[in-house]
Amino acid sequence: MHIYVHVPFCVRRCSYCDFSIAVRKRIPAREYVDTVLNELTRVESPAAEPRGSDTIYFGGGTPSLLPPAAITALLEKLLPRTVLEITLEANPEDVTPDNARAWRAAGVNRVSLGAQSFDDSVLKWMHRSHDAARIGAAVHALRGAGIENISLDLIFGLPEELKRNWERDLEMAHALRTTHLSLYGLTVEPRTPLDRWISRGATHAPDDDRYAEEYLFAHRRLVADGFVFYEVSNAARDGFRSQHNSAYWSGKPYVGLGPAAHSFDGTTRRWNLRAWEAYRRAVAEGRSSVESEERLTDAQRELERVYLALRTIEGLPLTVPYRPLPSLTVQGWIEIQDGRLKCTPEGWLRLDSIVNEISHDHATH
Ligand code: SF4
């Protein structure tokens, strides 16, 4: 069992973000904790024995905006079920030595830091509320509190006019000796500030060539530094892969709590109401917080299995009748190793079209 807890609050909206968030100056922590715990009692069948859980992941939004006492209160209810990994997404400005110690005492043993860049002008452009110096201070505070498993999020493929030095950012990240890195290419989502800036010509859309160049550069660089790119966007040092996210990629069931959280039981995916207020009201009035659900057909589950497997370094076992299409192998986008079909870094750049081709070929044979 894997549990995801969505904390929707942010102090402002970053320029590229279209996540389900609630911008708040004051975080309604008590209301949030009560609502999520109320949802939890409904998700659990009263007759069921408490089940073991391997991971808990606080994602957002900005979970680090919750006071540590709120995280403690949530984990007190969830902890008897948990054994392996408890991740908290945090923004660097929230990581004080006191907060870090309180998170550790509550059981958090992994922190994913929204660093994004070490360039102050880029951080400003992104509407982030930290500067570069805060990232290093946050890492030191976490280590001081005994949290060694630290991941940094970085965004690449930014518009050219920002003159972002990607190599320098990777060096700065490397110098902090964190155990994990998640790299995300900038995408332009509808109705974000970035989308509006591009529409009125105030900035350029991210460029595909730059995206590919920076992705491949990061891949070479991190592998040379001893990281394993174990998934299309994630690199880890030995022993530090994200257990929670690995569960998603291997199709395991999970339970999502909080607004917009998704749950999956192996065949049906459900997702909660997106907006915090709508979710809160539904739970308070004793209604279901589920906005909708979809039962996956066999074909959908198979497509998803292929897609998830090819996202990872383990790839797709060739025991199923998928062929290494010559066109893809010749171009160096996929390869066969140990009886498994795997994407190369160049292939990961084209993951969607590779999955389409392979699945289409499978369906027509
Ligand atoms: S902190 Fe994260 S969730 Fe909040 S607005 Fe920024 S990118 Fe979106």
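We number each residue from 1, following the sequence as shown. Every number for a ligand or one of its atoms is a count from 1 in the order of the listing. Quick note: numbers below take in every heavy atom, side chains included, and nothing from hydrogens, waters or symmetry partners. What you are looking at is a predicted structure, and each value in this text was computed from that prediction instead of being measured.
In the vicinity of Ile21, heavy-atom distances shorter than 4.0 Å reach the ligand 1 atoms 3 (S), 5 (S). Within ligand 1, the atoms closer than 4.0 Å to a non-hydrogen atom of Arg128 are 1 (S), 6 (Fe), 7 (S), numbered from 1 in the order shown. For ligand 1, the atoms lying closer than 4.0 Å to a non-hydrogen atom of Asn91 are 1 (S). Close contacts of ligand 1 with Tyr16, meaning ligand atoms under 4.0 Å from a residue heavy atom, involve 7 (S). Each of the following atoms of ligand 1 lies closer than 4.0 Å to a heavy atom of Thr62: 1 (S), 4 (Fe). Interface of Arg12 with ligand 1, defined as ligand atoms under 4.0 Å from a residue heavy atom, comprises 5 (S). Close approach to Phe19 involves these atoms of ligand 1, each under 4.0 Å from a residue heavy atom: 3 (S). Atoms of ligand 1 lying under 4.0 Å from at least one heavy atom of Cys17, given by number and element, are 3 (S), 5 (S), 7 (S), 8 (Fe).
Between Tyr211 and Phe156, the ring center distance clears the sub-6.0 Å criterion. You'll find the ring centres of Trp276 and Phe9 inside the 6.0 Å limit. Aromatic rings from Phe264 and His2 are positioned such that their centres are separated by 6.0 Å or more.
A salt bridge links Glu171 with Arg221: the closest approach of a Lys/Arg side-chain nitrogen to an acidic carboxylate oxygen falls below 4.0 angstrom.
Not counting sequence neighbours, Phe240 has no partner by the ring pair (Phe, Tyr, Trp, His ring centres under 6.0 Å) test.
Heavy atoms of Cys10 found under 4.0 angstrom from ligand 1 belong exclusively to the side chain.
Between Gly61 and ligand 1 there is a heavy-atom distance shorter than 4.0 Å. Using a 4.0 angstrom heavy-atom cutoff, Met126 does not count as in contact with ligand 1.
When only non-hydrogen protein atoms are considered, atom 5 (S) of ligand 1 lies nearest to Cys14 N, 3.3 Å.
Residue-environment remark: CZ (Arg191) stays at or below the threshold of 12 foreign heavy atoms within 6.0 Å.
Remark: Arg237 qualifies as a cation-pi partner of Phe227 under the 6.0 Å distance and 45° angle criteria applied to the six-membered ring.
Residues Arg134 and Glu93 share a closest heavy-atom pair of NE-CA, 3.8 Å.
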